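Since this is a predicted model, take the numbers as computed values, not measurements. Below, chain A is the first sequence line, B the second, and so on; all start at residue 1.
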Protein chains: 4
Amino acid sequence: MLLRLDPLSPTPVFEQLARQVKTLVAKGLLRPGDKLPSVRDLARDTAVNPNTILRTLELLERDHVIIRRQGSGCFVAPRTTDLSTPARKSQLTTLAAHLVTEAFHLGFDATDIRSAVNSTLDEIDFPKRKRSTS
Amino acid sequence: MLLRLDPLSPTPVFEQLARQVKTLVAKGLLRPGDKLPSVRDLARDTAVNPNTILRTLELLERDHVIIRRQGSGCFVAPRTTDLSTPARKSQLTTLAAHLVTEAFHLGFDATDIRSAVNSTLDEIDFPKRKRSTS
Amino acid sequence: MLLRLDPLSPTPVFEQLARQVKTLVAKGLLRPGDKLPSVRDLARDTAVNPNTILRTLELLERDHVIIRRQGSGCFVAPRTTDLSTPARKSQLTTLAAHLVTEAFHLGFDATDIRSAVNSTLDEIDFPKRKRSTS
Amino acid sequence: MLLRLDPLSPTPVFEQLARQVKTLVAKGLLRPGDKLPSVRDLARDTAVNPNTILRTLELLERDHVIIRRQGSGCFVAPRTTDLSTPARKSQLTTLAAHLVTEAFHLGFDATDIRSAVNSTLDEIDFPKRKRSTS
DNA sequence: GTGGTCTAGACCACA
DNA sequence: GTGGTCTAGACCACG
C-alpha cells in the first residue's frame, strides 16, 4: 500500500495518511475485510513514527473506516448502513457548502464545480452501483 | 454584518469567521467594493479578540476575498477571473475529492452528493460570463 | 455449545467467549456439574487459537464460573453463595456505576436504565433462596 | 478537580481519568459549559504525562462529554438530545447484560442488582428530574 | 507476530 | 496562556 506525504502541507501527517486510506476505500482499492499493513510496516514505509500511525488508525476507526483488533491487525470495516441520522445530513451540507464557496473564490463557476464533482464521483466505487465489474 | 460563532465547532474561530465572510460574498450579500466593519467593531460584535479578527482578515486577503488598505479599511475584492493556472485547477480537484470521500464514508451515494452540491449552488450568485460555457 | 464471535467488537476474543459462557450459565442453559467441550473442540468450533481458548478458561476459573480438573476437563462450578465479603459488594457497586454513567452519557434516563436491567434480569435463572427477601 | 488513580488497576490511566470525569458530569458536579483545568494542570495534579491527559480528553470528546477548543480550553458539552439511535439502544442492552451476568457470578440476586442500580441512580443528576435543586 | 499504553520532551497553532 | 503534533523508545496485552 503506497502512501505519500507532503511535508509542506499544513494538514497533520496522521490526517494526510487517514485521507489517503479513506480514498483507497472509496475507490474500491481497499475493500471491506481487507487487512491493512501492520503499524510497524506502515511506519517504516512512510518513515513516520509508529505513534503517529496509531493516531491515523484511531481516526480511521472513529470514522468507521477500519476496525482494529489487538493481536490480529486492522481491517477495512464493512460499509455501515445505519448512518442516515440528521446529524450526518448536516455534515454533508457543510461539506458541500465548503467546496462551493472555496471554489467560488478560486474563480470557478457552477459548471466547473459540478464537473469536478462528477469526475471524482466517476472514480468512486459505490455499493450496488458498480460500473465495470459486471 | 452579522457573524455567528458556533462554540461546538472544532473549526478555529478565525476560520469560522472567514468562511462566513466568504459565504456572504458568494451569495452576493457582500459585493465587490463594499466596506467591511473595522477590526474594533468586528471584535466587539462577535465578542472575539481583535488579534483573532486580524487573523481572519489576513486569511481573507490571502485568498483574494478582500483588500486591506492602510488607514481606509477592508473592502471586498473584485471577482477573480484568472482561473487558468493549473494550481487552481488542482485545488478544485482536491476540494471535490475531499467532499466526495468524506460523504462516501458518511454513507451517502452519488445522487445524495450531487443534490447537496446543487442545493448549495442554487444560493450562489455567480456573475454572468459573456462567452457561453458550451 | 454454540459460541459466536463478533469480528466488529473491540472486546478481545478470549473475553467475548468467557462472557458467552457466563451468560449461558446465568440463563440456566449450562448448569453446575455440566462438562464443557475440550479445548481442542472449542478451538475448532470457534476457529480460534487454542491458546486463546486457554485464556478464556483461565478467566472463567478465576471468576469461579468453572472448575478445571487435570485430565478430566472443565465443569461448571456450583453457584457461589458467600457474597458476604465487602470486596464483592464493592465490585457490584463499581459495575452498577459503570452501567449508569455510560448510559447517562448515551442519553438515557433512569427509567430507560431500570427497564434495560429488568429485561435482562427476566432471562436470568436465579436459584431460589430459602429465606424470603423481605 | 480531584482525580485519583489506581496504579494496580488493569484499566488504562487515560480511561480511569475519563471515567471519573464522566461520573462528575453525571452527578452534576460538572455542568455543561464548565471549563476543565488545563492539560498542564491536570498533568501536574495527577502526576501523569500531558500526552496521556490529552488521550483522556480525546476519549471524552469522542463520547460527546466535552468539547476541546484550541487556545481556549476544554468545556463540558451540552447534553446531547438526538441520541436515540438503535445503535445506542443496543449498547445499553449490552451494558445491562454485562452488569447482570457479572453480578450473577459474584453471587448476587435480582434484588441485590436492582438495589445497587437504584443507589447509583439516586446520585445522578438527570435533566428535568432534579430532586433537591428547587 | 499483532496493536496499545505511557513517558519525555521538542515544537507548532489558536485566542 | 490554551490545546495539538510528532518523535523516540520502553514496555504491556492479545492471538
D:T80 and D:H64: which non-hydrogen atoms are nearest, and at how many Å?
->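 Closest heavy-atom pair between D:T80 and D:H64: OG1-CB, 4.1 Å.
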
What heavy-atom pair brings A:A18 and A:T56 nearest, and what distance separates the two atoms?
->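 That closest heavy-atom pairing would be N-CG2, 3.5 Å.
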
Could you check whether [X] gets within reach of a base, just the sugar-phosphate, or nothing at all, counting any heavy atom under 4.0 Å?
X     : result
A:V48 : sugar-phosphate
A:L54 : base
D:V13 : sugar-phosphate

Whole Å only: how far is the [atom1] atom of [X] from the [atom2] atom of [N]?
X     : N      : atom1 : atom2 : answer
D:R44 : E:dG9  : CZ    : P     : 17 Å
A:E58 : E:dT5  : CD    : C1'   : 10 Å
D:I67 : E:dA15 : CD1   : C1'   : 17 Å
D:L42 : F:dG3  : CG    : C1'   : 12 Å
A:N49 : E:dT5  : CG    : P     : 16 Å
D:D41 : F:dG1  : CG    : P     : 10 Å
A:E15 : E:dC12 : CD    : P     : 19 Å
D:I53 : E:dA8  : CD1   : C1'   : 15 Å

State whether the side chain of A:Q70 and the backbone N or O of C:P12 hold a donor-acceptor pair below 3.5 Å, judged by distance alone.
->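 Between the backbone of C:P12 and the side chain of A:Q70 there is no qualifying donor-acceptor contact (under 3.5 Å).
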
Are the side chain of C:N49 and the backbone of C:N51 linked by a donor-acceptor contact shorter than 3.5 Å?
->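 Confirmed, C:N49 side chain pairs with C:N51 backbone.
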
Check whether any side-chain nitrogen or oxygen of [X] sits under 4.0 Å from OP1 or OP2 of [N], and answer yes or no.
X     : N      : value
A:T52 : F:dT7  : yes
B:R55 : E:dC14 : yes
D:S72 : E:dA15 : no

Any idea which of [options] is nearest the [X] side chain?
X     : options              : answer
D:Q70 : F:dG3, E:dA8, E:dG4  : F:dG3
A:S38 : F:dG3, E:dG3, E:dC6  : E:dG3
A:F14 : F:dC6, F:dG3, E:dC14 : F:dC6

Base of E:dG1 paired with side chain of A:R40 (donor-acceptor, under 3.5 Å) =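 Donor-acceptor pair under 3.5 Å: no.
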
Ignoring hydrogens and angles, answer whether the base of E:dG9 and the side-chain atoms of D:N51 contain a donor-acceptor pair closer than 3.5 Å.
->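 When only heavy-atom distances are counted, D:N51 does reach the base of E:dG9 through a donor-acceptor pair under 3.5 Å.
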
Which one of A:R31, A:K27, A:R79 satisfies the salt bridge (Lys or Arg N to Asp or Glu O under 4.0 Å) criterion with A:D125?
->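 Among A:R31, A:K27, A:R79, the one that satisfies the salt bridge (Lys or Arg N to Asp or Glu O under 4.0 Å) with A:D125 is A:R31.
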
Report the residue (D:K35 or A:A47) whose heavy-atom-nearest nucleotide on DNA chain F is the more 5′ of the two.
->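 With D:K35 and A:A47 compared, the 5'-side residue is D:K35.
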
Nearest-nucleotide comparison on DNA chain F, the residue closer to the 5′ end among A:T11 and C:P12 =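 Per heavy-atom nearest nucleotide, the more 5' residue is A:T11.
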
Between D:G71 and A:C74, which is nearer to the 5' end of DNA chain E once each is assigned its nearest nucleotide?
->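 Looking at the nearest nucleotide for each, A:C74 comes out on the 5' side.
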
Between A:R69 and D:P50, name the one whose nearest nucleotide on DNA chain E is closer to the 5' end.
->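 Result of the comparison: A:R69.
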
Given C:K22, which of D:H98, D:E102, D:H105 fulfils the side-chain hydrogen bond (donor to acceptor under 3.5 Å, both in side chains) condition?
->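 When side-chain hydrogen bond (donor to acceptor under 3.5 Å, both in side chains) is applied between C:K22 and each of D:H98, D:E102, D:H105, only D:E102 qualifies.
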
Dot-bracket for DNA chain E, please, read 5' to 3', with Watson-Crick or G-U wobble pairs under 3.5 Å on both distances, ( ) within the strand, [ ] crossing, | other strand, . unpaired.
-> ||||||||||||||.

State plainly whether the residues D:E58 and A:R62 are in salt-bridge range, i.e. N to O under 4.0 Å.
->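 Looking at A:R62 together with D:E58, the answer is no, because their closest N to O distance does not fall below 4.0 Å.
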
side-chain contact (heavy atoms from CB on, under 4.5 Å) partner of C:D63, the single match among C:L60, C:L59, C:I66 |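 Testing each of C:L60, C:L59, C:I66 against C:D63, the sole residue satisfying side-chain contact (heavy atoms from CB on, under 4.5 Å) is C:L59.
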
